[in-house]
Amino acid sequence: ELRTPLTVINGFLEINAMQPDLDASPRAAHIQLMVEQGERMQRLVEDMLTLSRLESTELHMRSERIDMYFMLQHIMEEAKALSKNRHEFVLDFEGPNIKGSADDIRSAISNLVTNAVRYTPENGKINLIWKVNAIGPILTVQDNGIGISQEHIARLTERFYRVDKSRSRETQGTGLGLAIVKHVLIRHNAQLEIESTPNVGSQFIIQFQSDVIV
């Protein structure tokens, strides 16, 4: 995963070193591509560090009261910025506050919402629903995007597993987001359920237990 962007950067550096009189236009294009690949490597490293931390069995999880309305509103605002007004967002909030690691829970939800933005075509709709059922608090991230075939769903939380590699490159995903979600939920005794239909949309559902309610 790191080899490809590093190869691109080194290749353009070599071209520019060997051709010091290269025209300004191709040189600028090379620089822009190197910046993009450098940012890709940075995202990869950050996600790998996050995943490594979550997988550490010796790590003690801090438990704190989480203001869920504030968190979900903030995640929605970030998603709108990523979307650049290309999608409609709706927050349906009727659930309680919970306890847990605020940073980790925020990371998990943000990954799901970011994926919804990346894989939902322009003018699509993304719903973020926070409620409580008989088991406990339940979060649903719902979109009417491209959807996922059933044969892929069981493997989505594997590291670097991609349904469409070319589309993942276009959307700048690292392939680690759902692996991070899985490990955050394991630490919070929560479950992830994925429902999806190609060309119809997807639902990513996080089911918490009632003992997280505060």
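This one's a predicted model, so the numbers in the text were calculated from it and none came from an experiment.
- In terms of modelled atom types and a separation under 3.5 Å, the side chain of S83 and the main chain of R86 share a donor-acceptor contact.
- Taking a cutoff of 4.0 Å between a charged side-chain nitrogen and a carboxylate oxygen, E78 and R106 qualify as a salt bridge.
- Scored by the side-chain hydrogen bond (donor to acceptor under 3.5 Å, both in side chains) test, Q150 finds no partners at all (sequence neighbours excluded).
- For Q142, the side-chain hydrogen bond (donor to acceptor under 3.5 Å, both in side chains) test picks out N127, Q203, with sequence neighbours left out.
- One finds no salt bridge joining E46 and R43 here, because no Lys/Arg side-chain nitrogen approaches an Asp/Glu carboxylate oxygen to under 4.0 Å.
- F208 places none of its side-chain heavy atoms less than 4.5 Å from the side chain of I135.
- Of the charged side-chain nitrogens involved, at least one lies within less than 4.0 Å of a carboxylate oxygen, so that D104 and R53 count as a salt-bridged pair.
- Take M76 and apply the side chain to side chain contact (heavy atoms under 4.5 Å, CB included) test, not counting sequence neighbours, and it matches F89, L91, L128.
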**Message:** Checking Y161 against H152 for the side-chain contact (heavy atoms from CB on, under 4.5 Å) test, could you report, in this order, the C-alpha distance in whole Å, the side-chain angles of both residues, the deciding distance, and whether it holds?
**Reply:** CA-CA 9 Å; Y161 184 79; H152 296 292; 2.7 Å; yes
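- Remark: K99 does not engage D211 in a salt bridge, criterion side-chain N to carboxylate O under 4.0 Å.
- Looking at D23, its side chain never comes within 3.5 Å of a backbone N or O of P26 through a donor-acceptor pair.
- Residues satisfying the side-chain hydrogen bond (donor to acceptor under 3.5 Å, both in side chains) test with H188, not counting sequence neighbours, are none.
- Hydrophobic cluster membership for I186: none, as no Ile, Leu, Val, Met, Phe, Trp or Tyr side chain comes under 4.5 Å of it.
- Contacts of N144 classified as side-chain hydrogen bond (donor to acceptor under 3.5 Å, both in side chains), with partners at least two apart in sequence or in another chain: none.
- Taking each heavy atom of P137 and P96 in turn, the nearest pair found is CG-CG, 4.0 Å.
- D143 places no side-chain N or O within donor-acceptor distance of the main-chain N or O of I126, the cut-off being under 3.5 Å.
- Judged by distance alone, with hydrogens and angles left aside, the side-chain atoms of R187 form a donor-acceptor pair with the main-chain N or O of L54 at under 3.5 Å.
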**Request:** Let me see the working for I109 and W130 under side-chain contact (heavy atoms from CB on, under 4.5 Å), right down to the final yes or no.
**Result:** CA-CA 11 Å; I109 298 173; W130 179 244; 5.9 Å; no
